[in-house]
Visitor: 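Take a look at this one; I'll ask things after.
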There are 2 protein chains.
Amino acid sequence: MRPSVQARYEARARIIKAMGHPTRLFIVDELAKGERCVNELTEMVGADMSTVSKHLSVLKNVGVIMDEKRGLQVFYRLRTPCIMKFFGCVESVMKTVAEESMAALNSR
Amino acid sequence: MRPSVQARYEARARIIKAMGHPTRLFIVDELAKGERCVNELTEMVGADMSTVSKHLSVLKNVGVIMDEKRGLQVFYRLRTPCIMKFFGCVESVMKTVAEESMAALNSR
DNA sequence: TGACTATTTGGCAATATATGCAATAATGAA
DNA sequence: TTCATTATTGCATATATTGCCAAATAGTCA
């Protein structure tokens, strides 16, 4: 594969990989409703704040979210609302799989 | 977080995670053009066949692709073409990030 | 300044993932 | 049956990810 093509798939994979964790998906979903500070997200997620902070930095590093410090708090928000289309894509796959499983069960 | 909600995010994350690898993205992209056997994909990817086979099983396990054995060969194809929307989502993010980087450079 | 709050960072152990090689199926051809 | 082809599986190794604790950093207020 040509290096430039390879690089393109790697760039895409980095973004998708960043989304590939339940906690990070939850965070993206939550930020779609509006900005949240780390503390708020930590309470919702129910993990250590350092853990949540690291998840946030993963998403930030690939450009999915951005942060803004105001006073003591750091507020995060989606950098592009388009990222939400991910959920639609994923749901379609899950639906297809579920439907075919049902069909397989019924045809036995 | 409620267990059912948690489970939902985990199910989504499994699918996204399966897509989060450059080789697997390439495979999905290629299968979007039509079915391919393992051998063909292996040549295109340029890795060991066992490696490609394992990537295929990752995608298959989450329901993104399906296989069919015909003679000596195993042909893989997308289970739902909808999976291709992923690329559009990802490109949008990359575009946004690139544009904002440019803007930041120009405003210095 | 010092105390307090919010967040990030460093370090570490546990776990998961990626890859190639070798061995093993499964199929078809001679 | 024996050989060649295609693909998968088992194993070993290297690398990456996750999560928590503790320590460091940054901002606010008395």
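Just so it is clear, the structure is predicted and the values come from calculations on it, not from any experiment. Chain letters run A, B, ... following the sequence lines, proteins first, then strands; residues in each count from 1.
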Visitor: Write down the atom of A:Arg79, the atom of B:Thr96, and the distance for their closest heavy-atom approach.
Guide: O-CG2, 4.0 Å
Visitor: Which residues pass the side-chain contact (heavy atoms from CB on, under 4.5 Å) test with B:Met49, sequence neighbours left out?
Guide: B:Val38, B:Asn39, B:Thr42
Visitor: List for me each residue that meets side-chain hydrogen bond (donor to acceptor under 3.5 Å, both in side chains) alongside B:Lys54, sequence neighbours excluded, and say none if there are none.
Guide: none
Visitor: Could you tell me which residues satisfy side-chain contact (heavy atoms from CB on, under 4.5 Å) with B:Ser53, sequence neighbours excluded, listed by chain and number?
Guide: none
Visitor: Give the minimum heavy-atom separation between B:Leu31 and B:Tyr76, together with the two atoms involved.
Guide: CD2-O, 3.4 Å
Visitor: Roughly how far, to the nearest 0.5 Å, is the SG atom of A:Cys37 from the CG atom of A:Leu56?
Guide: 10.5 Å
Visitor: By nearest atom, which of the nucleotides D:dA7, C:dT7, D:dT8 is closest to the A:Gln73 side chain?
Guide: C:dT7
Visitor: For a quick test of reading the model, state the closest non-hydrogen atom pair linking A:Val62 to A:Ala18 and the distance between them.
Guide: CG2-CB, 3.6 Å
Visitor: So which of residues 35-44 of chain B are in contact with DNA chain C, with a heavy-atom cut-off of under 4.0 Å?
Guide: none
Visitor: How is B:Tyr76 classified with respect to the nucleic acid when contacts are heavy atoms under 4.0 Å: base, sugar-phosphate, or nothing?
Guide: sugar-phosphate
Visitor: Identify the pairs formed between an N or O of the protein and an N or O of nucleotides 26-30 of chain C at a distance under 3.5 Å, and give each distance.
Guide:
none

Visitor: Does anything in residues 18-28 of chain B form a side-chain hydrogen bond (donor to acceptor under 3.5 Å, both in side chains)? List the pairs, not counting sequence neighbours.
Guide: B:Arg24-B:His55
Visitor: Going by the rule salt bridge (charged side-chain N to carboxylate O under 4.0 Å, His left out), which residues pair with A:Glu40 if we only count those two or more places apart in sequence or in a different chain?
Guide: none
Visitor: Can you name the residues that form a side-chain contact (heavy atoms from CB on, under 4.5 Å) with B:Met94, not counting sequence neighbours?
Guide: A:Arg8, A:Ala11, A:Arg12, A:Ile15, B:Val90, B:Glu91
Visitor: What integer distance in Å separates A:Met49:CE from C:dT5:C1'?
Guide: 9 Å
Visitor: For A:Phe75 and C:dT7, what is the distance between atoms CZ and P respectively, to the nearest whole Å?
Guide: 8 Å
Visitor: Counting only N and O atoms by type, is there a donor-acceptor contact under 3.5 Å from the side chain of A:Thr51 to the main-chain atoms of A:Ala47?
Guide: no
Visitor: What residues in residues 57-67 of chain B put a non-hydrogen atom under 4.0 Å from any atom of DNA chain C?
Guide: none
Visitor: Under the rule for side-chain hydrogen bond (donor to acceptor under 3.5 Å, both in side chains), what residues qualify as partners of A:Asp48, not counting sequence neighbours?
Guide: A:Ser50
Visitor: For the CG atom of B:Leu78 and the OG1 atom of B:Thr80, what is their distance to the nearest 0.5 Å?
Guide: 8.0 Å
Visitor: Which pair of heavy atoms, one from B:Val64 and one from B:Met19, lies closest together, and at what distance?
Guide: CG1-SD, 4.3 Å
Visitor: Strictly below 4.0 Å, N to O, side chains only: are B:Arg70 and B:Glu35 in salt-bridge contact?
Guide: yes
Visitor: Quick check on C:dT17: is either OP1 or OP2 less than 4.0 Å from any side-chain nitrogen or oxygen of B:His55?
Guide: no
Visitor: Using a cut-off of strictly less than 4.0 Å between a heavy atom of the residue and any atom of DNA chain D, enumerate the qualifying residues of residues 18-31 of chain A by number.
Guide: A:His21, A:Arg24
Visitor: Heavy atoms under 4.0 Å is the rule here; annotate nucleotides 20-25 of chain C 5' to 3' with B where the base is hit, S where only the sugar-phosphate is, and - elsewhere.
Guide: BB----
